[in-house]
Structures are given as structure tokens and as C-alpha cells.
Amino acid sequence: MSSDTPTTPTHHFIRQIVLDDLAAGRHGGRVATRFPPEPNGYLHLGHAKSICLNFGLAAEFGGTTNLRFDDTNPTREDIEYVEAIKADVAWLGFRWARLLHASDYFEVIYRCAEKLIRQGHAYVCDLSADAVREYRGTLTEPGRDSPYRGRGVDENLDLFRRMRAGEFADGSRTLRARIDMASGNINLRDPALYRIRKVPHQNTGDAWCIYPMYDFAHAISDAVEGITHSICTLEFEDHRPLYDWILDRLDLVGDDSLTEPLRAAGLDLPRSRPQQIEFARGNLDYTVMSKRKLIALVEEGHVDGWDDPRMPTLVGARRRGFPPAAIRTFWERAGVTKQNSVIGFDVLEGCVREVLDREAERRFAVLDPLPLVIENLADDHAESIPFPNHPKDPSRGTREVPFSSRLLIERDDFAEVPPKGFHRLVAGGEVRLRGVGIVRCTGVARDAAGRVTGLSATLDPDTRPGQPGAERKVKGTIHWVSARDALTAEVRLYERLFTAPDPDDDAGGGDFRDRIDRDSKRIAVAHVEPAAASADPETVFQFERLGYFVADRHDHRLERPVFNRTVTLRDSFAKAAK
RNA sequence: UGGGGCGUCGCCAAGUUGGUAAGGCACGGGAUUUUGAUUCCCGCAUUCGUUGGUUCGAGUCCAGCCGCCCCAGCCA
């Protein structure tokens, strides 16, 4: 990881657990975590919290983190997401120790199932999905035992092997854990361990027609990979007793026969008895994060794709120009707890400004041009003015900005009737042209409709840099570009996608679609200095006084520059005006 | 009238074995500033969902209320 904001890691309960484990000498001093996405969608800002936590915590203690694809359900997963997920994790700045799949362990998981059967802890159930639901009971009423719960070990083993052999139809049978149909915890009411799905798997092809359920596969995968701290979100709290139940019965650490297939395949991994720890996922206001809604936004054309800069996806954030370091410090700042919370999107933007102020070079751009002619300069006046690339970092060097008598300034940097407190240009008034000197407005041209079409001004030569009057104070400083030298660029101005802090809240009627801000994307033709246009894609600049803009990852060309506005600068004048 | 979690400043969030409420963001004020940006100062919870109790002393212990979140996929 490169230059990070050194946010002091605040003390949180998971860090404390790791510290305690280390102090107690558990796991031989090892810290191993994993990030286990299901390859069925794009990663978003919420996933980033988990990624930062898992990778960050392990790294902090010299441990390792595996990237493991939780591919136990071939009917809903697709290999197309695998590469995207890998790219996102890498972009965020993390490197996995090993790249693995739950499907790498299918043979091990199968052996685990047989072991449970032999122990009398699992049985093959012939109940249909509907029947299972009926037998399960409700939140307040206990369930009833399946009629197949009493099957003997031999019969279960035979049936399970025949399930694997493909003798039975999809959904006709399951392997279930024999736990407690009356448990208050519904996860313990004889949960399914294996189901029949005669569907080819993206990784194992048609080698299997039975697939393990998440709870079973996940616990085993963690143990088999030597994970020490299995970090997941709050909704899995209820699953922890099952996680422990499985691991306690299997003894993957002590029973070599279970993992023999891995070693035979050349995969020799350390084993462990992992601990599941749950934390609250991070929510952001003014956005939606559920997979279903994200898909709807894309498929219904409300946005321009998964990587639309307004999307909370990591590819979206990337295209928006959010630096990975900003996302990392954002989640570090948000903290890790078990409290459900919603963090303001503006906090993220604050982190973005913080790293960009430090990292981004400065350039000039005018988004809404108003011509300004300097009368006391020759019409063909041409010079080149050196500007520092970064105001606080001389090592970033300088660039040459062409200057002439015909400039373009920002239309709202001039006012015929200035609002109170206005520091910019007014008819007859003075303002500083950044890096040039003080200019006085001597004329205002209007069209037939009375709209201002241009300004004329005189430049006070004494106030040019290096001259005795250069230090003279004026209230305002505005930016400019040379009309003749500026290049036009497409600039995409993005706002938050939703108009409501909680787009998911349907209490006021309608659904999240009704809260989409249709003006959240606007396109402007900007005039930029030459040194802005020549940037590589994904370069972020601060267009002085306007905000941070990133050269579009896909569309930016030297001949046709395209910038996305990442975030505006903080603007206390605009804020006070409201 | 099931089980599991959670309630500390507007938003996040520290608060070790009870000893008299960190920090960040936001906000208000001021200073610097050729970006109304950045930076820099200063201010910002007699109070910890609530009611009682224990104690010399409770955010921290006990009890009762109240509120919010999650669980009835052969999804993860």
C-alpha cells in the first residue's frame, strides 16, 4: 500500500480478540483471515469494509488473508465475476496470500459429510422442500422430527453415496444434520448440509451433482485453510452455533484422513479450529447496496452500467476517481462494531478530498465560459506562465500555462448585481486573475436579450508577479484559461444518485426508483488548459476552485478529453448563501 | 407467548478490573492564504435509551421497562 492517511487505528473489539488470542498463544501466534465473496455480483463499498477489515487486520499482525470464492451454488454463480472481484480487491490495494475456492474442498467436504453420518450426526431426508418447511415449525413453535430422522447409519451412507452417484432427482433428497427440531435457533432445526443439483459447476464441471450448503462448506473451508479468525456480518450470528457444532464434531485438525485429498492434489494447507466473529456491515446514506437493487439500476437503464460513477460499486468508485486510499481510511474511520449504523456519504467525500488535496496536481478549467478581453494587452499577446503543480509540494514541479489577451473566465465569477459578500468580479470592480495580476472590469457586452456575452478589462501591470504591486490585496482571485489555447473537454458532472437519505425506505410511498435524481448526471463542455488534456486515463486533477476531476478510465483521449467530476471542493461561500 | 444481537454528542465511535465522558466528521468563531480550497487555533455531552437498586462513588454491577436490527432458502 502506498502513502496512506495515517489514521490511528481505533481500538475495536475484533482487534482486541486478535490481541487476546496472540497474548494467550492461540493458533501458534498465527493470524489468518479470508475474504469469501460469492462470485455472483460486483463488489461494492459495503464489501470494501469487509475487505479492509480482513486484509488490514491480518497485515497488522503479520498474518495472511486468502481470497476465497464461495462457489457452492452452481445455479447462481458465474465465472465472469471472478476476474472482476480479483481486480477490485487488487485495486483497493490488497494482495491475497492464496486464491482459493470452496469448490477446491468438495472432496474434503464430502468426506466430512460421511464422517457425520457415521457418527450418527447426519441423515438423508426424503422430505420435499415444502414438507421440510412445514416440519420446521415457526419462530414461536417448535418443529417436528422428519420421518426419516431415525434412519440407520448404513442406510444413510448408502443413500448419500447414491445421491452423489446421481441416482436421485434434483431436490428429491437432502443430507441433514441431526441436531434439534425444537431449538429456538432455527438454524439448528436439522439444517440441510447437502442438496442435489444436477447442474455443471463453473469450476468442477460435472464432477458433482450434490453441492454442500454454505454453513457446512464455510466452516470446513475455514478450518481446512487454517483461518484463525472468520469474520462475517451480523446476520450470521445465529449461525455460529452451527459453525461450532460442525467443527467440533469433525475435528479437522486432528483427523488427517479428511484432508488427504488436498495433499494428494498438492495442496498442503495449515489447519485450524477457527473462531467466527460478527460485525455490523457498513451502510451509507443516499445510496442502495442490495444486489437486487443494484441490478435493477443497471438493467433498467437508470445508470450507465456497473461502473457508472454514481454507483456504489468499486468499479463505479474507481471510475468516479475515488482513490483506494480514501476508501480505506473511510472504513478505518467508520470503525468496527456490532451496532447497525448509517454513515454519511459526505464522510467518504471528506476522505476523498483529503487524499486528493495531497495527491492531485492542479490545473485550470472553465466549465461555463464568459469571454474576457484584456484591453491593454496586444491582441496577439502571447506568453507562458509557469505554475506549480502542487501548492504545497514544490517537488511536483511546474507546468507552463499559456496566457493571452483573450481569456475565458467562469460565468458565475462575474455578477451584475453581486450578492452580499461577493468577492469576485463586478462591473468597474477589481479581481485578481490567478498568477497574472489584478484586473479591472471596464466594460460589459450584452446580447439583444440583455444576457452578458463578454467582458473587457484592463490589467494593472504593477500587480504582475515580481512587480512591486504584486502583493496588493484584492478581495477575490479567480481562475481563467486562454481562449485561444484552451482545449475543449467533455466534463461529466455527477451528484448523488438518490434524493433521499434512505432510498430503501418505502414508508413515504413508491420505491427506490422514485427517489432517483434524474439530474444526477450532467454533461458540460469545458475549456481546459493544455496540460490537463494530455493526462493519462485515471489521472485525477484538482481544477482549481472547482473540484477534483478524473480523466475517464475508458473514454478519455488526448484528442477528446473526458473528465468525470469526482467531488467538488468545499465551498463555504455557496454554503453560506443557502 | 421462540432464539440471537444492539442502544454514549447531529453522524460515526473510544470508554481496560466501578473513581468522576477520547477521537474523527459535521457545526460555530478566529488566524493565515494569489484556490471563498488547504492549513492552523478555539468552542462544541454535569451526561451515557429509561426507571429503580447496590455503592463513599456507576456509562461501567443488579433488576424491570422501552426502542431498533436479524432468523422460519434444498441462497450466501
Side-chain angles (χ1 to χ4, degrees), chain A residues 7-8 10-12 16 36-38 40 70 72-73 75-77 125 127-130 132-134 136-143 170-176 182-189 191-197 210-211 213-215 217-218 232-241 278 280 282 285 291 332-344 346-347 350-351 353-354 357-358 362 364 391-392 421-424 431-438 463 465 470-479 542-547 568-576:
Chain A
T7 312
T8 316
T10 46
H11 197 60
H12 66 243
Q16 188 58 51
E38 182 184 17
N40 76 338
D70 232 325
T72 57
N73 187 348
T75 61
R76 45 177 267 158
E77 290 150 11
C125 181
L127 252 24
S128 69
D130 285 343
V132 167
R133 190 175 314 123
E134 278 177 43
R136 185 157 33 227
T138 69
L139 292 179
T140 52
E141 302 157 17
D170 275 19
S172 62
R173 285 182 162 86
T174 54
L175 179 73
R176 294 225 261 162
S183 173
N185 181 347
I186 291 180
N187 294 297
L188 264 21
R189 318 244 263 230
L193 263 21
Y194 262 95
R195 76 284 223 181
I196 302 173
R197 286 277 180 285
I210 56 173
Y211 293 95
M213 299 294 293
Y214 162 82
D215 287 302
H218 204 84
C232 62
T233 43
L234 248 31
E235 66 269 31
F236 291 103
E237 229 156 3
D238 287 348
H239 296 237
R240 187 171 2 115
E278 312 84 12
D285 63 6
K291 192 162 294 174
E332 180 66 46
R333 244 169 235 188
V336 178
T337 68
K338 301 186 74 149
Q339 288 181 60
N340 293 312
S341 61
V342 181
I343 306 161
D346 53 318
V347 177
C351 294
R353 290 192 183 99
E354 190 175 302
D357 175 61
R358 190 175 63 223
R362 312 288 122 123
F364 289 138
K392 290 184 255 187
F422 191 72
H423 289 174
R424 283 102 97 155
V431 79
R432 183 183 299 278
L433 289 182
R434 180 104 228 256
V436 172
I438 296 172
T463 60
E471 302 300 302
R472 209 182 107 204
K473 300 294 180 199
V474 275
K475 282 198 295 281
T477 299
I478 65 174
H479 63 281
Q542 181 194 108
F543 287 166
E544 289 203 26
R545 301 210 311 131
L546 296 175
T568 60
L569 251 28
R570 194 173 271 110
D571 186 349
S572 56
F573 177 65
K575 191 167 59 184

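Quick note on labels: first sequence line is chain A, next is B, and so on, each numbered from 1.
Contact annotation: A/Arg240 does not reach the phosphate of B/rG3 (side-chain N/O to OP1 or OP2, under 4.0 Å). A sub-4.0 Å separation between OP1 or OP2 of B/rU35 and a side-chain N or O of A/Arg432 is absent. In terms of phosphate contacts, A/Lys475 brings no side-chain nitrogen or oxygen within less than 4.0 Å of OP1 or OP2 of B/rG36. The shortest distance between the side-chain N/O atoms of A/Gln339 and the OP1/OP2 oxygens of B/rU8 is below 4.0 Å. Using a 4.0 Å cut-off, no side-chain N or O of A/Thr138 falls inside it from OP1 or OP2 of B/rG2. OP1 or OP2 of B/rG15 sits under 4.0 Å from a side-chain N or O of A/His11. Between A/Lys338 and B/rG4 there is no side-chain N or O to OP1 or OP2 distance below 4.0 Å. Between A/Arg570 and B/rA26 there is a side-chain N or O to OP1 or OP2 distance below 4.0 Å. Note on A/Arg358: every side-chain N or O is 4.0 Å or more away from OP1 and OP2 of B/rA37.
Residue-level contact check: A/Gly421 touches the bases, meaning some heavy atom is under 4.0 Å from a base atom. A/Phe236 comes within contact range of at least one nucleobase, with a heavy-atom separation under 4.0 Å. Residue contacts shown for A/Val342 are limited to sugar-phosphate atoms, with no base heavy atom under 4.0 Å away. Residue contacts for A/Gly350: at a heavy-atom cut-off of 4.0 Å it reaches no nucleic acid atom on any strand shown. Residue contacts for A/Phe422: at a heavy-atom cut-off of 4.0 Å it reaches a base atom on one of the strands shown. Across all strands, A/Arg176 comes closer than 4.0 Å to no nucleic acid atom at all (heavy-atom distances). A/Arg545 comes within contact range of at least one nucleobase, with a heavy-atom separation under 4.0 Å. Counting any heavy atom pair closer than 4.0 Å across all strands shown, A/Thr174 reaches a base atom. Within 4.0 Å of A/Val336, counting heavy atoms only, lie sugar-phosphate atoms of the nucleic acid but no base atom. Residue A/Thr337 is in sugar-phosphate contact alone, with no base atom involved, counting any heavy-atom pair closer than 4.0 Å across all strands shown.
Of the nucleotides present, B/rC71 is the one that pairs with B/rG2 by Watson-Crick or G-U wobble criteria, both distances under 3.5 Å. The partner of B/rG59 is absent, by the rule that a Watson-Crick or G-U pair needs both atom distances under 3.5 Å. In this structure, B/rA45 forms no base pair with any nucleotide, since neither Watson-Crick nor G-U wobble geometry is met with both distances under 3.5 Å. Pairing for B/rC25 is with B/rG10, a Watson-Crick or G-U wobble pair whose two hydrogen-bonding atom distances lie under 3.5 Å.
Of the C1' atoms belonging to B/rC62 and B/rC74, the separation is 46 Å, rounded to the nearest Å. Using C1' as the reference atom, B/rA13 and B/rG28 are 22 Å apart when rounded to the nearest Å.
A donor-acceptor contact under 3.5 Å is not formed by the side chain of A/Glu471 with the base of B/rU34. Counting distance only, with no hydrogens placed and no angle test, the side-chain atoms of A/Asp571 and the base atoms of B/rG36 include no donor-acceptor pair under 3.5 Å. Judged by distance alone, with hydrogens and angles left aside, A/Arg133 brings no side-chain donor or acceptor close enough to the base of B/rG73 to form a pair under 3.5 Å.
With B/rC12, B/rA72, B/rU35 as the choices, the nucleotide that has an atom nearest any side-chain atom of A/Ile186 turns out to be B/rA72. For A/Thr72, the side-chain atoms get nearest to B/rA76 when compared with the rest of B/rU35, B/rC71, B/rA76. Side chain of A/Arg136, nearest nucleotide from B/rA72, B/rG5, B/rA76: B/rA72. In this structure, the nucleotide among B/rA13, B/rC27, B/rA72 sitting nearest to the side chain of A/Lys575 is B/rC27. Counting only heavy atoms from C-beta on, A/Leu234 has its side chain closest to B/rG5 among B/rG15, B/rC70, B/rG5. Among the nucleotides B/rU34, B/rG36, B/rA37, the one closest to the side chain of A/Leu569 is B/rA37. Candidate nucleotides B/rC12, B/rC70, B/rC75 were compared by shortest atom distance to the side chain of A/Ile343, and B/rC12 ranks first.
At a threshold of 4.5 Å between non-hydrogen side-chain atoms, the residues A/Thr568 and A/Arg353 count as touching. Contact annotation: the side chain of A/Leu127 never approaches that of A/Glu134 to less than 4.5 Å [non-hydrogen atoms, C-beta and beyond]. You'll find the side chain of A/Arg434 stays beyond 4.5 Å of the side chain of A/Arg545, heavy atoms only. The shortest distance between side-chain heavy atoms of A/Arg136 and A/Val132 falls below 4.5 Å. Using a 4.5 Å cut-off on side-chain heavy atoms (C-beta onward), A/Asn187 and A/Pro241 make no contact.
Remark: the A/Gln339 side chain and the A/Ser341 side chain contain no N/O donor-acceptor pair separated by less than 3.5 Å.
In this entry the base of B/rG73 is syn relative to its sugar, with a glycosidic angle within 90° of 0.
In this structure, the aromatic ring of A/His423 is positioned over the six-membered ring of the base of B/rG36, centres within 5.5 Å and planes within 30°. Centre separation under 5.5 Å together with a plane angle under 30° does not hold for the ring of A/Tyr214 and the six-membered base ring of B/rA76, so they are not marked as stacked.
Between A/His479 and A/Phe364, the ring planes are parallel. Angles under 30° get that label, and only those over 60° would be called perpendicular.
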